[in-house]
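Worksheet: one structure, shown below.
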There are 2 protein chains.
Amino acid sequence: MKQSDIDKIRQFDRFYTNVLKLTDKYHLHTHYTLLEARILLEINAGTNTANQLLTLLKLDKGYLSRVLKKLENDKLISKEVDPSDLRIKKLILTNDGHAALDVINSRADSQIEGLFANVPSEDINNIIKSMEEIQNKLKE
Amino acid sequence: MKQSDIDKIRQFDRFYTNVLKLTDKYHLHTHYTLLEARILLEINAGTNTANQLLTLLKLDKGYLSRVLKKLENDKLISKEVDPSDLRIKKLILTNDGHAALDVINSRADSQIEGLFANVPSEDINNIIKSMEEIQNKLKE
DNA sequence: TCCATTGGTTGACATAAGCAACTAAATTAA
DNA sequence: TTAATTTAGTTGCTTATGTCAACCAATGGA
């Protein structure tokens, strides 16, 4: 692989780290952390056991366990033992959890809108195409 | 802005957060944190006052001050008062700092190589084009 | 039945990050 | 020229975030 290619990729990584840092602040206006928001999102999308979240989000299991407990204490999720394997607990969004996720999602959407406010719509289309290109080629 | 566009962008953000999480582990094999590595990189690239780092990296100034002090204690950087404004301290990489940065850079390069190991070189070219497209259109 | 593995929890601890109050130097404005 | 404001950076204190290892109970295989 060419060194100049590596340099370009690393530069993009630095650039996009900053972009994410900006947009990732959406949780600031709710009282959930970025990680909590992400977890609610993923549970809602069907990643509904601690172990699945673990592989998806690459966290420490003890840490995740505590975050999930906090979400449970806050009544955003509930846990339901899987009858076919009593070790597994299915994670379920409560009504409050859905409501919280709705707020988080709309704030996150607004953040993206803000970030792209000054970008012409033609450019937006190109950016999205580029994002899809990256994902398609990079996801193994 | 179309909701479907926002959704695609948010999905890319989640995807690339994971990519960064993977690649950003390069510091694990050195004994510097990701932030320390980034700071050394930026100082070397010319961002050489605490205040400049602050706006670039969007950190708390107190926190940054401590991280810089640690780098100074570890003899990776030194501080030199700017004669034209005694409040400002120019940050300078020491020899050890340069050496550390070399190690960090080569580890980071290897990480990128690893990530792209299975990607055909034609795809790599397309990915890089896409990355440049995103940066060009998005940077204000 | 014994043993290794798996999903998840807990305790103890370490590191990262944030806020606010504070110096000292520089700038503005009177 | 001095008084008020702003700026660059530091420090004390606190909370948030993350790590490691030991652990328990359920499972599956030899």
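Here is the naming used below: chain letters follow the sequence lines, and residue numbers restart at 1 for every chain. Just so it is clear, the values below take in all heavy atoms, side chains as well, and ignore hydrogens, waters and symmetry mates.
Counting to the nearest Å, the P atom of C:dG7 and the CG atom of A:N48 are 14 Å from each other. Between the C1' atom of D:dT17 and the CD1 atom of A:I39 lies a distance of 12 Å, rounded to the nearest Å. Between A:L68 atom CG and C:dT10 atom P there is a gap of 12 Å when expressed in whole angstrom units. For the pair A:Y63 OH and D:dA22 C1', the computed distance is 21 Å after rounding to whole Å. Rounding to whole angstrom units, CD1 of residue A:I77 and C1' of C:dG8 are separated by 13 Å. In this structure, A:R66 places its CZ atom 18 Å from P of D:dT15, rounding to the nearest Å. What separates CG of A:L34 from C1' of C:dA16 is a distance of 15 Å, to the nearest Å. The interatomic distance linking A:I88 (CD1) with C:dT5 (P) rounds to 18 Å, in whole Å.
Put simply, B:K69 has a side-chain N or O that comes within less than 4.0 Å of OP1 or OP2 on D:dT11. Note on A:K89: a side-chain N or O is less than 4.0 Å away from OP1 or OP2 of C:dT9.
By the neighbour-count criterion of 12 heavy atoms within 6.0 Å, atom CG of A:N118 is sparsely surrounded, having that number or fewer from other residues, nucleotides or ligands.
Closest to the side chain of A:R87, from the set D:dC13, D:dT27, C:dA26, is D:dT27. Picking from C:dA26, C:dG7, D:dA8 the nucleotide with the shortest atom distance to the side chain of B:D85 gives C:dA26. The side chain of B:K61 lies closest to D:dT10 when the candidates are C:dA16, D:dT10, C:dG8. In this structure, the nucleotide among C:dG18, C:dG8, D:dC20 sitting nearest to the side chain of B:D60 is C:dG18. Closest to the A:L86 side chain, of the nucleotides D:dT10, C:dG8, D:dT27, is D:dT27.
Among the heavy atoms of the strands lying under 4.0 Å from B:K79 are primed sugar atoms or P, OP1, OP2 only; no base atom is included. Residue contacts shown for B:N51 are limited to sugar-phosphate atoms, with no base heavy atom under 4.0 Å away.
Remark: A:K2 does not engage A:D7 in a salt bridge, criterion side-chain N to carboxylate O under 4.0 Å. With respect to the salt-bridge test (charged N to carboxylate O, under 4.0 angstrom), the residues A:E133 and A:K129 do not qualify.
Not a single donor-acceptor pair under 3.5 Å links the side chain of A:T47 to the backbone N or O of A:I43.
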The test is side chain to side chain donor-acceptor pair (under 3.5 Å); show your working for B:D13 and A:Y16 and say whether it passes.
CA-CA 9 Å; B:D13 286 359; A:Y16 215 75; 2.5 Å; yes
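If A:S84 and A:L35 are placed on DNA chain D by their nearest nucleotide, the residue sitting closer to the 5' end is A:L35.
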